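In this text, all values refer to a predicted model and were calculated from it rather than measured experimentally. Hydrogens, waters and symmetry mates are skipped; everything else that's a heavy atom, side chains included, is used. Protein chains get the first letters and strands the later ones, always in sequence-line order, with residue 1 at the start of each.
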Amino acid sequence: MSNNSENEVGKDASDPNRAIGDKLRSYYDSVQEEPIPERFLDLLERLEEAEEKAAVEKNEE
Amino acid sequence: MKNSSFKREMLATLPSLRAFAYSLSRKSDKADDLVQDTMMKAWAKQDSFQPNSNMKAWLFTILRNEFYSQMRKKGREVQDSDGYFTEGLAVHPSQHGLLDMKDFKAALDQLPDDQREAIILVGASGFAYEEAAEISGCAVGTVKSRVSRARTALKEILQVDGESDYGPQGADASVTSRAFAR
């Protein structure tokens, strides 16, 4: 994704563009680096359990 | 097992998905709710996911569609580039030459939804223009145009051209009164 040639869409002010790009990625990375909140891990577990339970019940029919 | 590998892949994508949700939604406290809704929807339709295809793009598409669908239900207009309006305040970098994350987020929030989405997909999430176009359901040229306008708008809001003077005087009036539609 690092080829800047496709960024020539607009004007060629590459330095300010890169500054914007860097800031954007820093902002994005700062969120990405946060640990996953518990609620999502819990959700996945619950979803999986519900599915396994449904599968077991189905097998017992 | 198919389920556990789906779950593992989804888990691996979560940080990026969260970052996308935070960038896209204006209310940060709603971003995690959006991610949760997305995960539930994705789980429910996991059979429609082609194994070995791009899970990240698939999840991003679901999240994006969920975001706009929720906004429509709330009766909020989806802003496009021509109908741009600010939600209030002008944004100034908090210190001369320094941009902290809050400033940047505030600047992102000032963009029309379609531009914000485009620049996040291409500039931050690592998608190619073609992938971003698929996720957004539009033409590649449209994505490019939105990204370009987003960059221009951000440069103005954040005064990144290097020669402007920071602070409320001239910048303020121009940011709040000028429409970014071109």
Which atoms form the tightest heavy-atom contact between A:Arg25 and B:Gly123, and what is the distance?
NH1-O, 3.0 Å
For A:Glu34, the side chain to side chain donor-acceptor pair (under 3.5 Å) test, sequence neighbours excluded, returns B:Arg18
Can you tell me how far CG of B:Leu158 sits from NZ of A:Lys23, rounded to the nearest 0.5 angstrom?
9.5 Å
Looking at every non-hydrogen atom in both residues, tell me the closest pair between B:Ile120 and A:Tyr28 and how far apart they are.
CG2-CE1, 3.6 Å
Check the side chains of B:Ser23 and A:Tyr27 for a donor-acceptor pair under 3.5 angstrom, ignoring hydrogens and angles.
no
What part of B:Val35 is in contact with chain A, defined as an atom under 4.5 angstrom from a non-hydrogen atom: side chain, backbone, both or neither?
both
Non-hydrogen atoms of chain A under 4.5 Å away: do they reach the side chain of B:Leu108, the backbone, both or neither?
side chain
Closest heavy-atom pair, A:Leu47 versus B:Met39, reported as atoms and distance to 0.1 Å, is CD1-O, 4.4 Å
Go through A:Leu41, A:Asp29, A:Leu44 and name the one with the most non-hydrogen pairs under 4.5 angstrom from chain B.
A:Leu44
Say you draw a straight line from CZ of B:Arg151 to CZ of A:Arg18; how long is it, rounded to the nearest 0.5 Å?
12.0 Å
Check against side chain to side chain donor-acceptor pair (under 3.5 Å), A:Glu48 and B:Trp43:
CA-CA 9 Å; A:Glu48 220 177 18; B:Trp43 188 267; over 6 Å; no
Under 6.0 Å from the CD atom of B:Glu9, do we count more than 12 heavy atoms belonging to anything else shown?
yes
Given heavy-atom pairs under 4.5 angstrom as the criterion, report whether the side chain, backbone, both or neither of A:Leu43 touches chain B.
side chain
What pairs with B:Arg64 under salt bridge (Lys or Arg N to Asp or Glu O under 4.0 Å), at least two apart in sequence or on another chain?
B:Glu117
For B:Asp32 and A:Phe40: C-alpha separation, side-chain torsions, deciding distance, then whether side chain to side chain contact (heavy atoms under 4.5 Å, CB included) applies.
CA-CA 9 Å; B:Asp32 276 340; A:Phe40 299 128; 3.5 Å; yes
Shortest non-hydrogen contact between B:Leu14 and A:Ile36, atoms and distance
CB-CD1, 3.5 Å
Validation row: B:Gln46, A:Glu51 side chains within 4.5 angstrom (heavy atoms):
yes
Quick check on B:Met55: does its CE atom have over 12 non-hydrogen neighbours (other residues, nucleotides or ligands) under 6.0 Å away?
yes
